[in-house]
Structure formats: structure tokens, C-alpha cells
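Only heavy atoms go into these numbers, but all of them, side chains included; no hydrogens, no water, no symmetry mates.
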Amino acid sequence: MHRRDLLRLTAAAAGAASALTLDTVTFAHADGSGSGAAAGPGGSGPAEESRTVTGRLPAGAPDFVYLPVDVPRGVREISVSYSYDRPAVPPGTRGNACDIGLFDERGTGPGGPGFRGWSGGARTEFTVGAERATPGYLAGPVRPGRWHVCLGPYTVAPQGLAYEVTVTLRYGAAGAAPVPVYPPRRAKGRGRAWYRGDNHLHTVYSDGKRTPAEVAAAARAAGLDWITTTEHNTTSSHGAWQGLWGDDLLILTGEEVTTRNGHVLALGTDPGTFVDWRYRARDNAFGRYARAIRRAGGLVVPAHPHATCVGCNWKFGFGDADAVEVWNGPFTPDDEVTLAEWDNTLVAAARGGGRWLPAMGNSDAHREPERVGHPQTVVLADGLSREELLAGIRAGHSWIAESSAVRLSFTATGGRGAHAGIGERLRVDDDTAVTVRLDVSGVPGDCTAAFVTDQGTLLSTPVPADGRVEWRTTPSHAAYVRAEVRHPAADGGTPGVPGPMAALTNPIFLGRE
């Protein structure tokens with residue numbers, strides 16, 4: 001079955017990115033009357049039917065292309081495969097990249113119940129049925145009605161994107177859908193303590209190469225207390241961790257909401273919570289989805305805001321965020337840019353007495369040799385539970401380490417016994433002497449410690465053998481102070497550019513506001 005280009009342009013829904021809807025694919029009913037149907041057992045009807053759609057999308061195609069599929073009664077499972085051409089393009093020009101997903105008969109409405117899965121560009125085929133589904137997709141009944149295959153032409157070459165989609169329906173009695181078993185919200189923990197977590201991870205349930213079991217094993221080996229599963233635009237991994245959690249490892253559920261204008265972690269949301277991604281910054285829809293994340297008990301955390309991948313640059317602003325990922329995987333120049341941008345927001349908050357945004361670090365590990373837990377966020381929490389950990393992150397009672405080998409304390413004291421720790425405020429008068437102390441271990445001896453303030457870096461010194469660095473200031477001189485521990489810059493590095501990070505803290509604010 002052939003489709004012409006740009007058959008019918010529609011608006012997917014209010015506030016959603018533009019979409020193209022193709023002509024509907026129809027199948028014969030299960031009585032075997034349709035052409036192309038394979039004979040079922042005893043000749044009583046078709047075992048399966050397939051239809052193939054081809055077409056070409058021009059450069060500048062809408063963000064999403066929907067292929068409606070009328071599914072008759074008696075379908076046990078639906079399979080979809082697709083391919084597209086990858087022509088050569090001139091240097092500096094983007095080639096073709098096309099994602100894929102599926103919505104059921106409940107519709108394609110933003111954030112609606114019709115979502116059945118998304119594999120992005122990680123797979124060329126998938127299957128959805130009552131008893132099973134390809135990772136990235138949700139098992140459940142294949143009910144009759146109008147389903148939609150969703151193509152996401154992420155980038156389109158100047159020559160256009162030629163695609164082919166094959167939809168196969170398999171008939172027969174459907175088994176019972178599995179009941180997902182979700183991780184508990186609490187593990188034994190150590191009471192009020194510092195807990196280590198990696199909150200940006202991928203498995204085979206999106207574009208990762210590790211299984212959940214492999215990620216859990218890597219998390220334990222990395223000395224983590226908890227992790228968060230954050231697959232791209234799908235919740236299908238939420239029920240995939242049965243038997244992998246324990247008193248030594250808490251597993252939270254979430255999603256990496258992967259829009260065309262940046263990625264955001266829906267961190268620690270209720271299991272099964274789907275957050276839509278089909279909008280751009282210009283649609284003014286992000287605030288609504290940020291509120292939905294918080295209603296589901298989660299945090300809104302823009303991920304790698306200055307990463308160089310297509311669509312990764314964060315364009316939604318930080319007004320709706322609860323924290324920001326300033327360190328993503330091995331520390332690179334884009335993390336340096338994010339860190340500087342974040343520090344500027346601290347300056348504004350310190351001078352205006354307003355809200356400030358805590359920093360996080362996560363591995364974003366997909367496959368070997370990417371290391372789970374590099375980096376990790378270390379959070380002061382009353383216990384090892386979802387609510388207590390997220391409260392610690394939201395309050396900024398956290399710091400970031402390159403590994404569990406790094407140990408750190410960072411405090412400020414002044415006045416008559418006043419004391420403050422990471423993410424807190426030392427409430428003393430502007431002219432009161434304040435002593436800032438950093439105690440760090442587990443870093444190489446050639447590392448440098450720095451104290452960064454609203455006036456810039458006011459102390460930078462090699463980490464001494466005992467790991468203790470002390471500095472005196474006043475709130476009038478430094479409205480906040482935070483610590484960084486860095487490795488030496490690589491040989492031949494850019495003059496004035498510091499080396500990669502080993503650890504960094506959220507700030508301690510100084511003064512009475």
C-alpha cells in the first residue's frame with residue numbers, strides 16, 4: 001500500500017507540536033475475507049495479516065507523523081517494523097533520523113491513556129500483545145478500534161526521508177496481561193545519613209544496552225544506595241526490576257522526557273506515570289507537564305542542558321525546575337558551561353534572596369564502558385525512601401562525587417556557635433567572621449580544592465595530605481560559598497580552563513538574607 005507525501009496536515013492537539021496524519025490502514029476482519037491473509041488452523045480464518053505503507057517526508061516535515069490503523073476484533077497482538085533511507089548529505093547538514101512509537105484505540109492525545117510505547121530510534125521492529133511486549137512498550141489487550149503508529153522524523157535530509165512501515169496483525173485468543181510488580185518506596189537504610197544515588201540510567205527498555213539486572217549489579221558494585229530508572233519517553237521499565245531491589249538498593253521509577261528542545265528527568269514519579277514529550281518550548285506546554293510530574297510525587301530536573309546531541313539543548317528555562325543536572329557522565333566542556341550557568345543563578349538568588357535551584361550529577365549510562373555511578377549524587381536524608389531522598393534533593397542537601405571512593409564534608413561556622421551545612425544558610429550578621437571547612441578524601445593527591453562564591457573563586461589550593469581546607473570570610477564578602485575538587489587539567493589543555501571535576505557541592509548561603 002503506497003502513501004503520497006503530506007496527505008493531511010493536522011494539529012495533534014492544543015499545545016502539541018505539529019503533526020501529519022496519513023491515510024488509514026485497514027485490515028479484513030478475522031473471517032479470512034481479506035487478501036494477503038494467511039490461513040489459520042483448520043482454515044477457519046487468517047492467522048495474520050500484514051499491510052505495508054511507503055512514502056516520503058520532505059525536509060521540514062512535522063515533528064510527528066501518525067499512521068492510523070483500524071484494528072478489527074480478534075487480534076492477539078500487533079507487530080510493526082519500519083525502515084527509512086539514509087542518503088549522503090553535505091558536511092554540516094543533518095541526515096535522516098526517524099523515531100517510532102505506538103498509541104492504542106484510546107487516542108493520541110497529549111498525556112492521554114492511549115500511549116502504548118516508544119522505542120525512539122533504538123529498534124526497527126516491535127510487538128505489543130496482552131501477554132508480552134517488546135521492551136519500551138506496554139503489554140495489554142489489543143482492543144478493536146483505531147490505533148496509531150507514530151513516526152518521529154527527528155531530522156530530515158535535504159533529499160527528504162523515504163520510509164516504509166509494515167503493520168502485522170496476529171489473530172487468536174489473547175492470554176491474560178501480566179500485572180506489573182513495582183519497586184517498593186522504601187529500603188532499610190541507615191536512618192539519617194548520606195545516601196548515594198544515580199538518577200539517570202538507561203537499559204534495553206529504551207536505547208541502553210544493559211539489562212535491568214546488569215544495571216542493578218553495576219549499581220551495587222559502584223557503592224550506590226539507590227538508582228532511578230529513566231528511559232526515554234516510556235514507562236515500560238517500571239515493572240522490570242522485580243527481584244533486583246533489596247535492603248541495600250532502593251529503585252525509584254521515572255522517565256527521561258525527551259523533547260525536541262531538551263531533555264528533562266521526571267525523577268521519582270509514581271510507577272506507571274507517563275509524561276508526554278510531544279511539544280516544543282514555543283508551545284508553552286512545559287509548565288503543565290512539570291506540574292504533572294510533581295503531582296505524581298516526582299522532581300523536575302533538566303538533564304544535560306548544554307549537551308551537544310541534536311535536541312538536547314534546554315530551551316524551556318528553569319522556572320519550573322526543582323533541580324538541574326550540572327554534571328552528566330564524565331565531566332566535559334558542556335558540563336562546564338552548565339555549571340557556570342547554574343552558578344550565575346546562585347548569584348541572582350543570593351543577591352535577591354529568592355529561590356535557588358540545587359545541582360545534581362548522574363551517569364546517564366547506556367552501555368559499556370560508561371560507568372554506572374559516575375558521577376553520583378550524595379543526599380542527606382532521614383531515611384532511604386523516595387519521599388526522604390527527593391526532599392533532600394529539593395532542599396539542596398546534596399553534593400556530587402565521581403565515585404563512592406570520594407568522601408566529603410563541607411560546613412560553615414560563625415558567631416556564637418552558629419553552624420550550617422550543604423544547602424543551608426548560616427544566619428549571622430554581614431560583618432561576622434565565618435569559617436568555611438572542607439574535609440575530603442578518596443581523591444588523588446594532585447587534585448585542587450576551590451571555594452566558589454558570588455564574587456568568583458576566592459580560594460584555590462592543592463588538596464593537602466589530610467584533605468582539610470579552611471577559609472575565613474564574612475557574609476559581606478561572600479553571599480554564598482560552594483566547594484569544587486578537581487583533577488589537574490590534561491596536558492595541552494586550554495589555558496585558564498580547570499581540569500575535570502572530582503566532586504562539587506551545593507552552596508552554603510551566608511548572612512541573614
Would you say the side chain of [Y] lies within less than 4.5 Å of the side chain of [X], judging by non-hydrogen atoms?
{"X": "T259", "Y": "F316", "value": "yes"}
{"X": "W241", "Y": "V215", "value": "yes"}
{"X": "L458", "Y": "F451", "value": "no"}
{"X": "D320", "Y": "F286", "value": "yes"}

Using a 3.5 Å distance criterion without hydrogens, assess whether the side chain of [X] forms a donor-acceptor pair with backbone atoms of [Y].
{"X": "D276", "Y": "G111", "result": "yes"}
{"X": "T448", "Y": "P462", "result": "no"}
{"X": "D283", "Y": "R280", "result": "yes"}
{"X": "S404", "Y": "A222", "result": "yes"}
{"X": "D439", "Y": "R468", "result": "no"}
{"X": "D247", "Y": "G189", "result": "no"}

Where is the tightest heavy-atom contact between [X] and [Y], given as atom of each residue plus distance?
{"X": "A290", "Y": "V300", "answer": "O-CG2, 3.6 Å"}
{"X": "R210", "Y": "A365", "answer": "NH1-CB, 3.7 Å"}
{"X": "T457", "Y": "A450", "answer": "CG2-CB, 4.0 Å"}

Would you call [X]-[Y] a salt bridge at under 4.0 Å N-O?
{"X": "R186", "Y": "E388", "result": "yes"}
{"X": "D270", "Y": "R386", "result": "yes"}
{"X": "D248", "Y": "R220", "result": "yes"}
{"X": "D225", "Y": "R196", "result": "no"}
{"X": "R512", "Y": "D430", "result": "no"}
{"X": "E513", "Y": "R427", "result": "yes"}
{"X": "D343", "Y": "R482", "result": "yes"}

(request) Inspect the surroundings of CZ in R132 and state if more than 12 heavy atoms from other residues, nucleotides or ligands are less than 6.0 Å away. (result)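 At most 12 heavy atoms, drawn from other residues, nucleotides or ligands, come within 6.0 Å of this atom.
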(request) Return each pair, listed once, that meets disulfide bond (SG atoms under 2.5 Å apart) where at least one residue sits in residues 299-360; pairs must be two or more places apart or across chains. (result)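 The answer is C309-C312.
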(message) As a test of understanding, state which of D364, T229, V301, T377 forms a side-chain contact (heavy atoms from CB on, under 4.5 Å) with H200.
(response)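 With H200 as partner, D364, T229, V301, T377 yield a single side-chain contact (heavy atoms from CB on, under 4.5 Å), made by D364.
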Report the relative orientation of the aromatic rings in [X] and [Y]; use parallel for angles under 30°, tilted for 30 to 60°, perpendicular for over 60°.
{"X": "F115", "Y": "F103", "value": "perpendicular"}
{"X": "W314", "Y": "F318", "value": "tilted"}
{"X": "H202", "Y": "H232", "value": "parallel"}

(request) Find out whether the Lys NZ or Arg CZ of R260 is both under 6.0 angstrom from the six-membered ring centre of F64 and within 45° of the ring's axis. (result)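 Judged by the rule (NZ or CZ under 6.0 Å from the ring centre, within 45° of its axis), R260 counts as positioned above F64.
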(message) To the closest 0.5 Å, what do you measure between CD (E255) and OG1 (T230)?
(response)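 Between atom CD of E255 and atom OG1 of T230 there are 9.5 Å.
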